[in-house]
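All heavy atoms count here, side chains included; hydrogens, waters and symmetry mates do not. No experiment lies behind these values; they were computed from the predicted model shown.
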Amino acid sequence: FFSSRRRHTRYISVTGVQTCALPIFEDPKAVSHEPEERELAVLVARTEDHLAVADVGAAELTARDAVAANPEESVAYLILGRVMLAANRFDDAVQSLSDAVELDDTSAQGFRLLGVALVGAGQLKDAQSAWRRWLELPGRTPHEKSHQAAIERYLEAAKVLEYALRERHE
């Protein structure tokens, strides 16, 4: 879409002529920029703040800045995956969360959320693999351990659904 929001207004100054604001129509997604903030912790906190008030659009922009500024950090892809889940963009969430667990194959949160994204994307067998990997991870935090019963139920439900769908199509 094209926007004429204030952030896309440029000020023109010509000698002897009063300065005026001219709206410049541009596709905000086509505009490439370097993130103003580069510190990952700050960008993650801002993204979480946006998610807390359900501003998924702002959360996505901030999370994408986190990835652009920190392309080798799994946490950047993890927060982008969380945003994509919040937006119900499961295929995008799968990509981001897959990148996160590829960079950090001990990320319990990454595997847990990847399973959720894979279910949303209709990839039940892969979701089961992600959750099995989550169950096998040593040293999960107390917060992650608190999800144990839910993950076990999700895993069983995915198995049943996969079986039911397979039986229906045979």
Is Trp131 linked to Leu165 within one hydrophobic cluster, defined over Ile, Leu, Val, Met, Phe, Trp and Tyr using a side-chain heavy-atom separation of less than 4.5 Å? yes

Rounded to the nearest 0.5 Å, what separation is found between the CZ atom of Arg166 and the CD atom of Glu162? 5.0 Å

Shared-cluster residues of Tyr77, by chain and number - hydrophobic side chains joined below 4.5 Å: Leu51, Val56, Val67, Leu80, Val83, Met84, Leu103

Take Asp126 and Val94, measure what side chain to side chain contact (heavy atoms under 4.5 Å, CB included) needs, and give me the verdict at the end. CA-CA 10 Å; Asp126 291 336; Val94 167; over 6 Å; no

So CD of Glu152 and CH2 of Trp134: to nearest 0.5 Å the spacing works out to 7.5 Å

State, to 0.1 Å, how close Arg140 and Lys145 come at their nearest heavy-atom pair, and which atoms those are. O-CE, 3.1 Å

Return the minimal non-hydrogen interatomic distance between Gly110 and Val101, and the atom names on each side. C-CG1, 3.6 Å

Given the rule in the side chain to side chain contact (heavy atoms under 4.5 Å, CB included) test, do Asp104 and Glu73 qualify, once you have shown the distances and angles that lead to the verdict? CA-CA 8 Å; Asp104 178 6; Glu73 293 290 334; over 6 Å; no

The single option from His147, Arg82, His143 passing side-chain contact (heavy atoms from CB on, under 4.5 Å) against Gln109: Arg82

Roughly how far apart are Phe111 CZ and Leu118 CG, rounded to 0.5 Å? 11.0 Å

Run the salt-bridge test on Glu156 and Lys159 with the 4.0 Å N-O cut-off and return the result as yes or no. yes

Could you list the residues that satisfy ring-ring contact (aromatic ring centres under 6.0 Å, His included) with Phe90, not counting sequence neighbours? none

Of all the heavy-atom pairs spanning Arg46 and Thr62, show the shortest one and how long it is. CB-CG2, 3.7 Å

Any non-hydrogen side-chain atom of Asn70 less than 4.5 Å from a side-chain atom of Leu43? yes

In terms of side-chain geometry, is the basic nitrogen of Glu60 or Arg64 positioned less than 4.0 Å from the acidic oxygen of its partner? yes

Which distance, rounded to the nearest 0.5 Å, do you find between the OG of Ser129 and the CG of Leu155? 9.0 Å

Above 12 or not: heavy atoms from other molecules or residues under 6.0 Å from CD of Glu102? no

Cluster question for you: counting only ILVMFWY and a side-chain heavy-atom cut-off of under 4.5 Å, with indirect links fine, are Leu161 and Tyr163 together? no

If you round to the nearest 0.5 Å, how far is CD of Gln95 from CG of Leu97? 9.5 Å

Separation between CG (Leu113) and OG (Ser96), nearest 0.5 Å, reads 11.5 Å

Identify the two heavy atoms, one from Ala100 and one from Leu78, that lie closest to each other, and give their separation to 0.1 Å. CB-N, 3.8 Å

